[in-house]
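Contents: one structure, followed by commentary.
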Protein chains: 2
Amino acid sequence: MGVAASVFVVDDDPSVRKSLTRLIESAGYIVEAFASARDFLKAATAGRPCCLVLDVRMPGMTGLDLQRTLAQAVHRIPIVFVTGQGDIPMTVTAMKAGAVDFLTKPFAARDLLDAVQRAVEKDTRNLGTEARSRSLHARVKTLTPRERQVFALVVTGMLNKQIAAQLNVVEKTVKVHRARVMDKMRAGSFAELVRLADAAGVIVAQT
Amino acid sequence: MGVAASVFVVDDDPSVRKSLTRLIESAGYIVEAFASARDFLKAATAGRPCCLVLDVRMPGMTGLDLQRTLAQAVHRIPIVFVTGQGDIPMTVTAMKAGAVDFLTKPFAARDLLDAVQRAVEKDTRNLGTEARSRSLHARVKTLTPRERQVFALVVTGMLNKQIAAQLNVVEKTVKVHRARVMDKMRAGSFAELVRLADAAGVIVAQT
DNA sequence: GCGGCTATTGGACCTTGGGGTGGTACGAAA
DNA sequence: TTTCGTACCACCCCAAGGTCCAATAGCCGC
């Protein structure tokens with residue numbers, strides 16, 4: 001299973017919290033349990049791969065409310081829902097919003113642990129892509145406005161002289177900017193620069 | 001809503017078929033109804049954006065069985081499930097397998113039509129990417145084995161001379177292959193070639 | 001306000017890399 | 001026998017990119 005992963009359990013029923021905690025800990029995870037969505041939001045931080053095991057029905061903020069709230073956060077924690085009384089519309093809402101699984105009590109211990117594993121794996125992947133995108137954005141931020149323009153035009157495949165004409169400067173100037181872009185973006189080749197641009201572009205589009 | 005879209009309705013209950021058909025036709029879709037999954041598999045072809053409105057519980061092949069079967073097909077038709085008696089595990093299975101929505105009867109006409117619209121939009125996007133990937137693969141197929149090798153190495157950002165060394169040929173030979181690759185792949189620039197390679201690579205990885 | 005800093009621009013010069021033309025060659029497949 | 005895939009040569013052009021140098025404008029801090 002690789003690195004230690006955290007699993008957050010949120011359930012208003014103390015006995016359920018206790019049994020879920022015991023079960024998940026037995027599989028080697030670091031478990032933190034919370035009695036309500038608000039407690040979780042106040043206290044939870046992971047800094048490592050994690051996931052959330054969440055009761056749908058709770059007094060105050062429900063599981064679906066919490067899911068909606070977390071959907072706006074930077075780091076989207078994968079959620080495994082667990083519920084005693086659920087209905088189909090609720091299930092559909094949760095799944096459409098990206099829940100990893102939705103289990104009804106009583107469920108097999110195996111099923112829960114499988115879902116948790118999938119959720120943690122998903123989070124591990126997410127953390128990886130997030131880290132990459134952060135480092136990419138950090139590099140893009142170091143570009144000056146002009147460099148950014150040249151960057152954008154260069155990766156479309158335009159020639160330096162065409163870019164120069166478009167920006168009303170001489171070719172030499174474009175070459176200078178271009179070289180700085182390669183340097184600041186830490187691209188070892190033009191092919192790599194194109195890939196960095198596409199990756200950065202996708203992120204911008206998502207945001 | 002753009003182009004005409006087909007909606008396939010599969011339900012074993014004739015009266016439900018009839019009312020679903022009427023409802024969906026009223027929204028401007030071309031509806032074809034089938035009494036069973038097998039009938040649908042035998043007869044249905046669209047050639048235009050489409051989706052599937054599917055009853056979960058049916059004698060013989062169930063809705064979930066049909067979903068599994070279709071998942072292996074080339075063209076993944078988006079599915080909207082509709083059911084009288086469903087349960088949560090069934091819903092979760094359907095949603096995890098990519099269903100667009102899962103409605104329980106009785107449902108609001110508006111909800112069904114919204115789901116159908118989302119499903120058709122999804123299919124339109126899918127058809128677009130499929131068409132692009134087919135044309136891309138067609139172009140890759142015209143490459144000779146050697147050209148493919150050069151293609152693969154070129155888009156990593158390697159220099160011609162490095163590629164030449166790796167393939168034990170002279171640099172000029174690499175240049176010739178490279179030029180042919182640009183030509184056959186119809187890439188107007190090196191940047192475009194890199195993007196084509198990545199797009200083709202993703203498709204290969206998916207397959 | 002002055003010096004230092006950054007962003008931007010530009011010139012002269014040279015090397016290297018990518019790419020095209022025209023021609024040659026050879027083995028395998030059709 | 002012709003076509004195709006592969007490989008190579010000589011020659012040339014242009015694009016990319018580096019070196020060294022220089023100028024202008026705006027901003028910051030002292």
Side-chain angles (χ1 to χ4, degrees), chain A residues 134-201 203-204, chain B residues 134-201 203-204:
Chain A
R134 257 196 308 279
S135 117
L136 194 52
H137 271 288
R139 279 177 270 174
V140 171
K141 263 202 314 205
T142 68
L143 297 179
T144 67
R146 207 48 158 175
E147 283 163 1
R148 235 165 290 203
Q149 287 182 344
V150 172
F151 183 25
L153 295 175
V154 152
V155 296
T156 66
M158 282 171 77
L159 299 181
N160 286 342
K161 63 163 65 168
Q162 296 173 316
I163 298 169
Q166 183 151 338
L167 298 179
N168 279 310
V169 292
V170 279
E171 193 182 338
K172 180 66 226 276
T173 304
V174 174
K175 287 188 182 184
V176 172
H177 289 316
R178 182 176 185 145
R180 276 202 229 288
V181 169
M182 289 292 288
D183 195 45
K184 289 186 178 179
M185 295 301 294
R186 260 167 269 160
S189 66
F190 180 61
E192 205 179 325
L193 190 71
V194 171
R195 294 200 174 90
L196 290 174
D198 286 1
I203 293 154
V204 170
Chain B
R134 257 197 307 280
S135 118
L136 194 52
H137 272 286
R139 279 177 269 173
V140 171
K141 262 201 315 204
T142 67
L143 298 179
T144 67
R146 205 51 157 174
E147 284 163 0
R148 234 163 292 200
Q149 287 182 343
V150 172
F151 184 26
L153 295 175
V154 151
V155 295
T156 65
M158 281 171 80
L159 300 181
N160 286 342
K161 65 164 64 167
Q162 296 173 318
I163 298 170
Q166 183 151 339
L167 299 180
N168 279 311
V169 292
V170 167
E171 189 182 342
K172 183 67 233 262
T173 304
V174 174
K175 287 189 181 184
V176 172
H177 289 316
R178 181 177 186 144
R180 276 203 227 290
V181 169
M182 289 291 289
D183 196 45
K184 289 185 178 178
M185 295 301 292
R186 259 168 270 159
S189 64
F190 180 62
E192 206 180 323
L193 190 72
V194 171
R195 294 201 174 89
L196 290 174
D198 287 0
I203 293 152
V204 170

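Bear in mind that the values here come from a model prediction, so they are computed numbers and not experimental data.
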Over how many whole Å does the gap from His177(B) atom NE2 to dG18(C) atom P extend? 15 Å

Judged by nearest nucleotide, the residue sitting upstream toward the 5' end of DNA chain D, Val170(B) or Thr142(B), is Thr142(B)

If we check side-chain contact (heavy atoms from CB on, under 4.5 Å) with Val170(B), which of these qualifies: Thr173(B), Leu167(B), Asn168(B)? Thr173(B)

Which whole-number value in Å describes the distance from Glu171(A) CD to dA16(D) P? 7 Å

In this structure, how many angstroms lie between the C1' atom of dA15(D) and the CE atom of Met182(B), rounded? 13 Å

Closest to the side chain of Leu159(A), out of dG5(D), dG18(C), dA16(D), is dA16(D)

Quick one: Phe190(B) CZ to dA15(D) C1', roughly how many Å, whole number? 14 Å

Are Arg178(A) and Phe190(A) in a cation-pi setup, meaning NZ or CZ lies under 6.0 angstrom from the ring centre and within 45 degrees of the ring axis? yes

Heavy atoms from C-beta onward define the side chain here; which of dG18(D), dT9(C), dA7(D) lies closest to that of Arg146(B)? dA7(D)

Side-chain contact check for Val169(A): nearest option of dA7(D), dG18(D), dT9(C) is dT9(C)

Give the nucleotide from the list dT19(D), dG10(C), dA10(D) with an atom nearest to the side chain of Lys172(B). dA10(D)

Closest of dA15(D), dG20(C), dT8(C) to the Thr144(A) side chain is dT8(C)

d(NZ, Lys161(B); P, dG18(C)) in whole Å: 9 Å

Between P on dC14(D) and CG on Asn160(A), what's the gap in Å once rounded to a whole number? 16 Å

Nearest-nucleotide 5' precedence on DNA chain C, Lys184(A) against Thr173(A): Lys184(A)

Atom CZ of Arg180(A) to atom P of dT6(C): distance rounded to whole Å? 11 Å

Could you go step by step and tell me if Val154(B) and Val181(B) meet the side-chain contact (heavy atoms from CB on, under 4.5 Å) rule? CA-CA 10 Å; Val154(B) 151; Val181(B) 169; over 6 Å; no

Among dC8(D), dG19(C), dA7(C), which nucleotide has an atom closest to any side-chain atom of Arg178(B)? dG19(C)

Nearest-neighbour nucleotide for the Pro145(A) side chain, dA7(D), dA16(D), dA7(C) considered: dA7(C)

Would you check if Val169(B) and His177(B) make a side-chain contact, meaning some heavy-atom pair closer than 4.5 Å? no

Using atom CD of Glu147(A) as one end and atom P of dT8(C) as the other, report the distance to the nearest whole Å. 6 Å

Could you tell me whether the side chain of Glu147(A) and the main chain of Thr144(A) form a donor-acceptor pair under 3.5 Å? yes

Check every atom of dT8(C), dG17(D), dG18(C) against the side chain of Lys175(B) and return the nucleotide holding the closest atom. dG18(C)

